[in-house]
J.: 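One structure follows; several queries about it will come next.
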Amino acid sequence: MLYDFANIVVFLVLTGVLVFGTLLVGRLVRTQKPTPEKNTIYECGEPPFGSSWVRYNIRFYNIALVFLIFDVEVVCLFPVILVLQHFKLISRTLMLVAVGEVAFFVVVLVIALIYAWHKGALDWLRAPESPYSVEESHNPE
Amino acid sequence: MRELIEYLLTHVPLLTKVPSIFVYAVFILIGAGVVLGYISVMVIIWVYLERKVAGHIQARYGPMRVGPHGILQTIADAIKLFMKEDIIIPTSHKVLFIIAPFLVFFGAFAPFVVLPYSESLYLSKMNVGVFYLLALTAFEVIGIIMAGWGSNNKWALYGGMRHAAQMICYELPMGISVLTVVVFTGSLTLHGITNAQGWLPWQWFISPLKSPFTFIAGFVFYIAGLAATKRVPFDLPEAESELVAGYHAEYSGMRFAFFFLAEYTAMYLVCAVTSLLFLGGWNGPLPRAQGWLGNLLGLINVLSKTYFLLFVMLWLRWTLPRLRIDQLLSTSLKYLLPISLGALLGAAIQSAIF
């Protein structure tokens, strides 16, 4: 166990050394002549306007919510699925019960998926009749 | 690796005199260095091959000028990137901008801790193997969002957010198709999963004779892997013709090189994991043998399958057009997710009945 974590820590240190070490060594050979033009943001040659740290499209948030539900599902399924074969060695009934539980869990989440699908949470381009319609966003305030 | 260290500790009298933790540290460092070196060299060769294959698929030559048939092209590119000026835009968020390449790079390299190259060529046989692998790839998402946001560039922000959305969407079918395999193996280590498959092609998990559900899961895993490494047809985050370069638009020189390296490492990782989980890994077409010969044959088996899958990635790149973002997300959430859930349920029922 400790050995495995030692491996990960060594990888963390080694990648860190590689990334920042290379940049440090590169400082000796590379040119460094900043000009105002180089230090502007690249926006296809136009002078950049405004900051890009703005409020962002809500649709990404929706996708992240759907992801959260199913990722938790995957994480919860991992321990159960892992012991299925061990249950099979103990008794067939135990395994059938476990599979039934897995099936129940998955079916409940599939219902959630169908609900989200029906509500249009999975659609990138919303149909106009959905509750978050285009007309609402055009309110004159 | 661990067995090797323990063997050396008990059999080499010189090593028993120094503290064992020191020996462990040195050998782990050597192992990790070998893996990092292998991947870096592999990327250099693979980038050259990719450009050559891309050229020949389009009936042109690809790189020809640097060295005979352009074999030194990638090395020249690497040297050029090394010498390039390192620009950090004054208006960017400096901390995020500097940390992002490191996080992406670490997220691409850390899964190699659990990746075996043959039966006894591996760094660590962690009992959470595949789970660790799936978890560590999430580092890349964080790094990419940091790069996109930290650059203070609209294109970078678009690219970063698109990539984050794409990666989290395709992580779901990926995780579920791994679970489909775990149903039959009862083990999360890549060793356990590979050894659960037999020596012949129809005993591998990709074969419909072994189980039709892992057959489906294999394809789902590979497609999701394509999307997670943002290869065509899922290359929306960097779509050269729409966003200038995606989340690394503001990165120059070596900082960009690390993103590039991480991307190719992730490609290799997806192909290697697919070959281990579904294509039998070292249980290959080559005959079984004992000792170092067996390891060599196993290594050749794993590498040939991995490189074949990498070649398929190139092939797809010049065959399929790019998807739209709504098609991309609906491919994942409306098709791959229900298919992989169905395959998981089917696999559980199959293993319960037979």
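In what follows, every chain begins at residue 1, and chains take the letters A, B, ... in the order their sequences are listed.
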J.: Check whether any side-chain heavy atom of B:C169 lies under 4.5 Å from a side-chain heavy atom of A:I63, and answer yes or no.
T.: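 Yes - at least one pair of side-chain heavy atoms lies under 4.5 Å apart.
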J.: Got a second to check how far B:F82's CZ is from A:T22's OG1, nearest 0.5 Å?
T.: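 Here the interatomic distance stands at 7.0 Å.
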J.: Side chain from CB out, backbone as N, CA, C, O: work out which of these in B:Y24 comes under 4.5 Å of a heavy atom of chain A, or both, or neither.
T.: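 B:Y24 touches chain A through side-chain heavy atoms alone.
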J.: Taking side chain as C-beta onward, heavy atoms only, is A:F11 less than 4.5 Å from B:V35?
T.: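 Touching, per the 4.5 Å side-chain cut-off.
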J.: Where does B:F139 contact chain A at under 4.5 Å (heavy atoms): side chain, backbone, both or neither?
T.: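 Answer is neither: B:F139 stays 4.5 Å or more from chain A.
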J.: Quick one: what part of B:L329 sits under 4.5 Å from any heavy atom of chain A, side chain, backbone, both or neither?
T.: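 The side chain, not the backbone.
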J.: Output the distance between atom CD1 (B:I88) and atom CG (A:N39), rounded to the nearest 0.5 Å.
T.: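 Those atoms lie 10.0 Å apart.
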J.: For A:L89, look at atom CG and say whether over 12 heavy atoms of other residues, nucleotides or ligands are found less than 6.0 Å away.
T.: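 Buried by this count: over 12 neighbours within 6.0 Å.
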J.: Check B:S351 against A:M95 and note the closest heavy-atom contact, atom names and distance.
T.: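 Distance-wise, the nearest heavy atoms are OG-CE, 3.1 Å.
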J.: Okay, side chain of A:Q85, backbone of B:V183: is any donor-acceptor separation there less than 3.5 Å?
T.: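 Pair found, side chain donor or acceptor close to backbone of B:V183.
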J.: Without swapping roles, check the side chain of B:K84 against the backbone of A:R30 for a donor-acceptor pair under 3.5 Å.
T.: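 Side chain of B:K84 to backbone of A:R30: no pair is present.
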J.: If you count heavy-atom pairs under 4.5 Å between each of A:L12, A:V25, A:V75 and chain B, which one has the most?
T.: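 The answer is A:L12.
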J.: Among A:V10, A:N7, A:L84, which residue has the highest count of heavy-atom pairs closer than 4.5 Å to chain B?
T.: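 Going by pairs under 4.5 Å, I would pick A:N7.
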J.: Check whether B:L344 gets within reach of chain A through its side chain, its backbone, both or neither, counting any heavy atom under 4.5 Å.
T.: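 Looking at B:L344, just its side chain touches chain A.
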J.: So, A:R92 side chain and B:A352 main chain: donor-acceptor pair closer than 3.5 Å or not?
T.: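 Present.
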J.: For chain A, find its close neighbours in residues 332-342 of chain B: heavy-atom separation under 4.5 Å, sorted by number, or none.
T.: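 Under the 4.5 Å heavy-atom cut-off, B:L333, B:K334, B:L337, B:P338, B:L341 qualify.
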J.: For B:S187, is it the side chain, the backbone, both, or neither that has a heavy atom closer than 4.5 Å to a heavy atom of chain A?
T.: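 Contact with chain A is through the backbone of B:S187 alone.
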J.: Using heavy-atom distances under 4.5 Å, tell me whether B:L345 contacts chain A through its side chain, its backbone, both, or neither.
T.: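 Just the side chain, heavy atoms under 4.5 Å.
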J.: Heavy-atom distances under 4.5 Å only: say whether A:I41 touches chain B with side chain, backbone, both or neither.
T.: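 Looking at A:I41, backbone and side chain both touch chain B.
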J.: Could you tell me which portion of B:A32 (side chain, backbone, both or neither) has an atom closer than 4.5 angstrom to a non-hydrogen atom of chain A?
T.: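 Both the backbone and the side chain of B:A32 come within 4.5 Å of chain A.
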J.: Name the option with the most non-hydrogen atom pairs under 4.5 Å to chain A; the candidates are B:H93, B:M83, B:K154.
T.: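 Between B:H93, B:M83, B:K154, the count favours B:K154.
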J.: Of the listed residues (A:F70, A:F20, A:F78, A:F5), which shares the most heavy-atom pairs with chain B below a 4.5 Å separation?
T.: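 Winner by heavy-atom pair count: A:F78.
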J.: Name the option with the most non-hydrogen atom pairs under 4.5 Å to chain A; the candidates are B:I168, B:N152, B:D326.
T.: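 Winner by heavy-atom pair count: B:N152.
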J.: Which distance, rounded to the nearest 0.5 Å, do you find between the CG of B:L136 and the CD1 of A:I8?
T.: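 One finds 6.5 Å between CG of B:L136 and CD1 of A:I8.
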J.: Is any side-chain heavy atom of B:L172 closer than 4.5 Å to one of A:D71?
T.: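 Result yes, sub-4.5 Å side-chain heavy-atom pair found.
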J.: Would you give the length of the straight line joining atom CG of B:L29 to atom CG of A:L14, rounded to the nearest 0.5 angstrom?
T.: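 Rounded to the nearest 0.5 Å, the CG-CG separation comes out at 6.0 Å.
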J.: Please identify, among A:L82, A:V99, A:V13, A:L113, the residue contributing the most non-hydrogen atom pairs under 4.5 Å to chain B.
T.: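 Max contact count across the listed options: A:L82.
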J.: Who among B:V182, B:L36, B:N153 has the most heavy-atom pairs with chain A under 4.5 Å?
T.: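 Max contact count across the listed options: B:N153.
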J.: Taking side chain as everything from C-beta outward and backbone as N, CA, C, O, which of these in B:L179 sits under 4.5 Å from a heavy atom of chain A? Side chain, backbone, both or neither.
T.: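 Contact with chain A involves both backbone and side-chain atoms of B:L179.
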J.: Is B:S252 close to chain A through its backbone or its side chain, or both, or neither, when contacts mean heavy atoms under 4.5 Å?
T.: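 Answer is neither: B:S252 stays 4.5 Å or more from chain A.
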J.: Please round to the nearest 0.5 Å and tell me the distance separating atom NZ of B:K125 and atom OH of A:Y3.
T.: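 B:K125 NZ to A:Y3 OH: 11.5 Å, rounded to 0.5 Å.
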J.: Can you say whether B:I349 sits under 4.5 Å from chain A via the side chain, the backbone, both, or neither, judging by heavy atoms?
T.: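 Both parts, backbone and side chain.
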J.: Within the side chain of B:E85, is there an N or O that forms a donor-acceptor pair under 3.5 Å with the backbone of A:K33?
T.: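 Yes.
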J.: Return yes when atom CD1 of B:I21 has more than 12 non-hydrogen atoms of other residues, nucleotides or ligands closer than 6.0 Å, and no otherwise.
T.: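 No, because the 6.0 Å sphere around CD1 of B:I21 holds 12 heavy atoms or fewer from other groups.
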J.: Under 4.5 Å, counting heavy-atom pairs only, tell me which of B:I98, B:L188, B:V178 racks up the most with chain A.
T.: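 Top option by heavy-atom pairs under 4.5 Å: B:L188.
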J.: Heavy-atom pairs under 4.5 Å with chain A - which of B:A110, B:S40, B:P90, B:A165 has more of them than the others?
T.: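 Highest number of pairs under 4.5 Å: B:P90.
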J.: Is A:V74 in contact with chain B via its backbone, its side chain, both, or neither, using a 4.5 Å heavy-atom distance?
T.: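 When you check distances to chain B, atoms from both the backbone and side chain of A:V74 fall under 4.5 Å.
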J.: For A:W53, is it the side chain, the backbone, both, or neither that has a heavy atom closer than 4.5 Å to a heavy atom of chain B?
T.: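 Both backbone and side chain.
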J.: Measuring from A:L23:CG to B:F258:CZ, what's the distance to the nearest 0.5 Å?
T.: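 Going from the CG atom of A:L23 to the CZ atom of B:F258 covers 5.5 Å.
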J.: So which of A:V66, A:V9, A:L18 has the largest heavy-atom pair count under 4.5 angstrom toward chain B?
T.: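 Answer, by heavy-atom pair count under 4.5 Å with chain B: A:L18.
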J.: What residue, out of B:M126, B:M254, B:Q327, has the most heavy-atom pairs lying under 4.5 Å from chain A?
T.: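 The option with the most such pairs is B:M126.
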